[in-house]
Amino acid sequence: MHEYTSTARVWGLTCPGFPEEVSRARRWTRDILRDSPLAEDAALIVSELSANAILHTASGKESGSFHLALAVSSQVIALSVTDDGGAGSAPAVEHQDQEAEHGRGLGMVSVIAHRVVVHDSDGGHTVTAELFTRARRGGHPC
């Protein structure tokens with residue numbers, strides 16, 4: 001293999017910031033990962049991250065959008081959602097109690113994913129969740 005060749009495959013999708021686009025993002029993720037046992041977990045993560053972008057940032061305002069990136073290799077599935085910014089603070093994982101109506105989304109994502117990372121990105125934020133394809137019980141890679 002050439003030193004600049006990667007075995008990772010990467011897809012991208014930009015969606016207008018409308019609530020119905022969350023289901024489109026979820027279907028897109030399932031379609032790409034249709035043969036993966038992690039497809040449903042990935043779709044749930046994308047759904048939550050996309051909804052957060054629309055609800056909490058300028059992505060959900062008029063002319064707003066959010067961008068999804070999906071990278072797949074033999075070791076990891078990385079799901080990223082980039083918002084349009086405008087939130088007062090960066091997204092953070094909060095562990096709320098079961099009865100809380102808000103603030104549980106990233107906490108739920110952090111339970112499903114093996115790793116969650118938040119990056120500043122051109123005035124907004126990118127949240128990346130990683131699912132290791134060969135994980136042992138407890139979320140650690142083999």
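Everything numeric here is computed off the predicted structure, so don't read it as measured data. Keep in mind that the numbers below use all heavy atoms, side chains included, and drop hydrogens, waters and symmetry copies.
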task = With rounding to the nearest 0.5 Å, note down the distance linking CG in Leu106 to NE2 in His56.
result = 8.5 Å
ask   = Just how far is it from atom CG of Leu44 to atom CD of Glu40, taken to the nearest 0.5 Å?
value = 8.5 Å
query = Less than 4.5 Å apart, any side-chain heavy atom of Phe66 and any of Ile54?
reply = yes
request  = Return the set of residues passing side-chain contact (heavy atoms from CB on, under 4.5 Å) with Ala39 (not counting sequence neighbours), or none when no residue passes.
outcome  = Leu33
query = CG of Leu38 to CG of Leu131: how many Å apart, nearest 0.5 Å?
reply = 5.5 Å
query = Residues two or more places apart in sequence or in another chain: which of them pass side-chain contact (heavy atoms from CB on, under 4.5 Å) with Ser80?
reply = Ala69, Thr126, Thr128
query = What distance separates Leu70 CG from Asp31 CG, expressed to the nearest 0.5 Å?
reply = 11.0 Å
request  = Look at atom CD of Glu20 and say whether more than 12 heavy atoms of other residues, nucleotides or ligands are closer to it than 6.0 Å.
outcome  = yes
task = Please step through side-chain contact (heavy atoms from CB on, under 4.5 Å) for the pair Ser50 and Glu21, ending with a clear verdict.
result = CA-CA 8 Å; Ser50 299; Glu21 293 297 314; over 6 Å; no
request  = For Asp83 and His125, indicate whether the former's side chain and the latter's backbone hold a donor-acceptor pair under 3.5 Å.
outcome  = yes
message = Using modelled atom types and a 3.5 Å cut-off, is there a donor and acceptor pairing between side-chain atoms of Ser47 and backbone atoms of Ala43?
response = no
key: same_hphob_cluster(Val81, Leu55) at 4.5 Å side-chain heavy-atom cutoff   = no
remark   = One should read off an interatomic distance between Phe132 CZ and Glu130 CD, to the nearest 0.5 angstrom, of 5.5 Å
message = Contact between Pro16 and Arg24 at the side-chain level, heavy atoms closer than 4.5 Å - yes or no?
response = yes
query = Between Ser59 (side chain) and Asp84 (backbone), is there a donor-acceptor pair under 3.5 Å?
reply = yes
Contacts of type side-chain contact (heavy atoms from CB on, under 4.5 Å), residue Val117, not counting sequence neighbours = Arg115, His119
pair Leu68-Leu79: side-chain heavy atoms closer than 4.5 Å = no
ask   = In terms of hydrophobic clustering (I, L, V, M, F, W, Y; side-chain heavy atoms under 4.5 Å; direct or indirect links), are Val118 and Ile77 co-clustered?
value = yes
query = Is Val116 close to Val127 at the side-chain level, that is, under 4.5 Å between some pair of heavy atoms?
reply = yes
query = Are Leu13 and Thr29 close enough, and set up right, to give a side-chain contact (heavy atoms from CB on, under 4.5 Å), and what steps lead you there?
reply = CA-CA 10 Å; Leu13 177 68; Thr29 302; over 6 Å; no
ask   = Would you say Trp28 and Val46 make side-chain contact, with heavy atoms under 4.5 Å?
value = no
